[in-house]
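The structure appears right after this line, and notes come after that.
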Amino acid sequence: MTAAPPTLKYLNGYPPHLLADVRRMLDEGRLGSTLRQRYPQAHEVRTDGALYDYVAALKARHMRNAGQISKVGYDNRLRVIQHALGTHTTVSRVQGDKLKAKREIRVASLFRDAPAPFLKMIVVHELAHLKEREHDKPFYALCTHMEPDYHQLEFDLRLWLTARDVEGAEAGRAGPDEDS
Ligand SMILES: [Zn+2]
């Protein structure tokens, strides 16, 4: 594979001037390092059990009345895929099985190694889906209620995913674990 222009697939829908900034930082090789400086803190949610506790604590604080969650875990088969909505990337997924009224929150395994604020953003996003299915105003109101910096974190998370893809491709040439 020859070096292709970096893909900004995680940033669909963001304004062109922002994308130009991102491209310049990628060209200069400083997107990843900038994000590491801005978000130095790792988290210690390493296991499915720890993730369950983490989700349960946030839910108890903000969404006590939402339906029960039957299962929480990291999933290394879960790919970071784009939503049909265009501006949204699903980085984890809620599966609602209406027949059994069970909810499952799965978080892509790559977020084990993400900065702590990004894990919170992901979990907040998925908790909000317990009540709001679409990415609409009520949905984002719930997200910002749980995490006031939600929008900034979502944007920076997209930058992090972008940097991870580009740096991964440069370092190993195999690309990250996202092939079909
Ligand atoms: Zn979503």
Side-chain angles (χ1 to χ4, degrees), residues 8-15 18-19 22 35 38-164 178:
L8 299 183
K9 64 181 173 180
Y10 300 114
L11 296 163
N12 282 340
Y14 284 91
L18 275 180
L19 300 186
V22 173
L35 288 164
R38 196 180 300 165
Y39 295 103
Q41 61 280 55
H43 61 77
E44 295 184 349
V45 186
R46 306 296 303 172
T47 64
D48 289 352
L51 185 60
Y52 183 92
D53 291 345
Y54 183 85
V55 170
L58 266 175
K59 182 175 180 295
R61 194 183 319 156
H62 298 293
M63 296 193 56
R64 194 175 286 278
N65 297 326
Q68 277 214 318
I69 302 168
S70 61
K71 194 178 171 194
V72 176
Y74 286 110
D75 187 341
N76 60 17
R77 294 159 307 174
L78 201 59
R79 290 190 300 137
V80 178
I81 55 164
Q82 277 182 276
H83 254 236
L85 287 171
T87 59
H88 182 73
T89 303
T90 312
V91 284
S92 50
R93 184 182 299 160
V94 174
Q95 289 197 326
D97 182 338
K98 286 186 174 144
L99 291 174
K100 295 179 187 166
K102 280 185 180 176
R103 297 281 197 158
E104 191 175 322
I105 289 181
R106 294 189 292 153
V107 173
S109 294
L110 65 94
F111 292 106
R112 253 198 202 106
D113 300 312
F118 294 167
L119 179 68
K120 184 176 182 194
M121 186 243 117
I122 295 297
V123 170
V124 159
H125 184 107
E126 299 308 341
L127 282 173
H129 273 315
L130 294 179
K131 279 196 170 172
E132 305 290 345
R133 192 173 186 82
E134 304 296 329
H135 299 120
D136 50 15
K137 276 196 171 178
F139 174 82
Y140 286 110
L142 254 182
C143 289
T144 53
H145 170 71
M146 288 188 268
E147 170 51 65
D149 281 338
Y150 179 87
H151 291 292
Q152 183 68 52
L153 287 174
E154 182 175 330
F155 179 67
D156 287 345
L157 168 63
R158 291 161 183 274
L159 295 182
W160 183 78
L161 290 169
T162 302
R164 189 177 170 277
E178 271 201 81

Nearest heavy-atom pair of Leu142 and Ala128: which atoms, and what distance? CD1-O, 3.9 Å
In this structure, SG of Cys143 is separated from NE2 of His135 (nearest 0.5 Å) by 8.0 Å
Does Arg106 reach the main-chain N or O of Gly73 with its side chain, forming a donor-acceptor pair under 3.5 Å? no
Any chance you could measure Leu161, atom CG, to Leu110, atom CG, to the nearest 0.5 Å? 6.5 Å
Can you tell me if CD on Glu44 sees more than 12 non-hydrogen neighbours from other groups inside 6.0 Å? no
Just by distance, do the side chain of Glu147 and the backbone of Asp149 share a donor-acceptor pair under 3.5 Å? yes
Starting from the C-alpha separation in whole Å, work towards a yes-or-no answer on side chain to side chain contact (heavy atoms under 4.5 Å, CB included) for Tyr39 and Gln41. CA-CA 6 Å; Tyr39 295 103; Gln41 61 280 55; 4.1 Å; yes
Do Ile69 and Leu130 come within less than 4.5 Å of each other through their side chains, counting heavy atoms only? yes
Any side-chain heavy-atom pair from Asp156 and Arg38 closer than 4.5 angstrom? yes
Atom CH2 of Trp160 and atom CZ of Phe118: how far apart are they, to the nearest 0.5 Å? 7.5 Å
According to the interplanar angle, ranging from 0 to 90°, do the rings of Tyr140 and His151 count as parallel (below 30°), tilted (30 to 60°) or perpendicular (above 60°)? tilted
Could you give me the CA-CA distance, side-chain angles and deciding distance for Tyr150 and His125, then say whether side chain to side chain donor-acceptor pair (under 3.5 Å) is met? CA-CA 9 Å; Tyr150 179 87; His125 184 107; 2.7 Å; yes
Would you say that Ile105 contacts Leu127 through its side chain, given a criterion of any heavy-atom pair below 4.5 Å between the two side chains? yes
Asp113 vs Arg46, test: side chain to side chain contact (heavy atoms under 4.5 Å, CB included). Steps then yes/no. CA-CA 9 Å; Asp113 300 312; Arg46 306 296 303 172; 3.4 Å; yes
Would you say Arg158's side chain and Leu11's backbone share a donor-acceptor pair under 3.5 angstrom? no
Over all heavy atoms of both residues, which pair between Tyr54 and Ala116 is shortest? Give the atoms and the distance, please. OH-O, 4.4 Å
Arg112 charged N/C atom sitting above Tyr74 aromatic ring, 6.0 Å / 45°: yes
Would you confirm whether the ring centroid of Phe111 sits within less than 6.0 angstrom of the ring centroid of His43? no
Using a 6.0 Å cut-off, check whether atom OH of Tyr52 has over 12 heavy atoms from anything other than its own residue. no
Within the 4.5 Å heavy-atom criterion, are Leu157 and Ile122 side-chain neighbours or not? yes
Are side-chain heavy atoms of Leu8 and Tyr14 found at a separation under 4.5 Å? no
Assess whether atom NZ of Lys71 is packed by more than 12 heavy atoms of other residues, nucleotides or ligands within 6.0 Å. no
Between the main-chain N or O of Leu58 and the side-chain N or O of Lys120, is there a donor-acceptor pair closer than 3.5 Å? no
With a 4.5 Å limit on heavy-atom distance, are the side chains of Asn65 and Lys59 in contact? no
Does the side chain of Leu119 reach to within under 4.5 Å of the side chain of Leu51, using non-hydrogen atoms? yes
Heavy-atom distance under 4.5 Å between the side chains of Glu104 and Glu126, does that happen here? no
Heavy-atom pair of closest approach, residues Ala163 and Leu35: CB-CD1, 4.4 Å
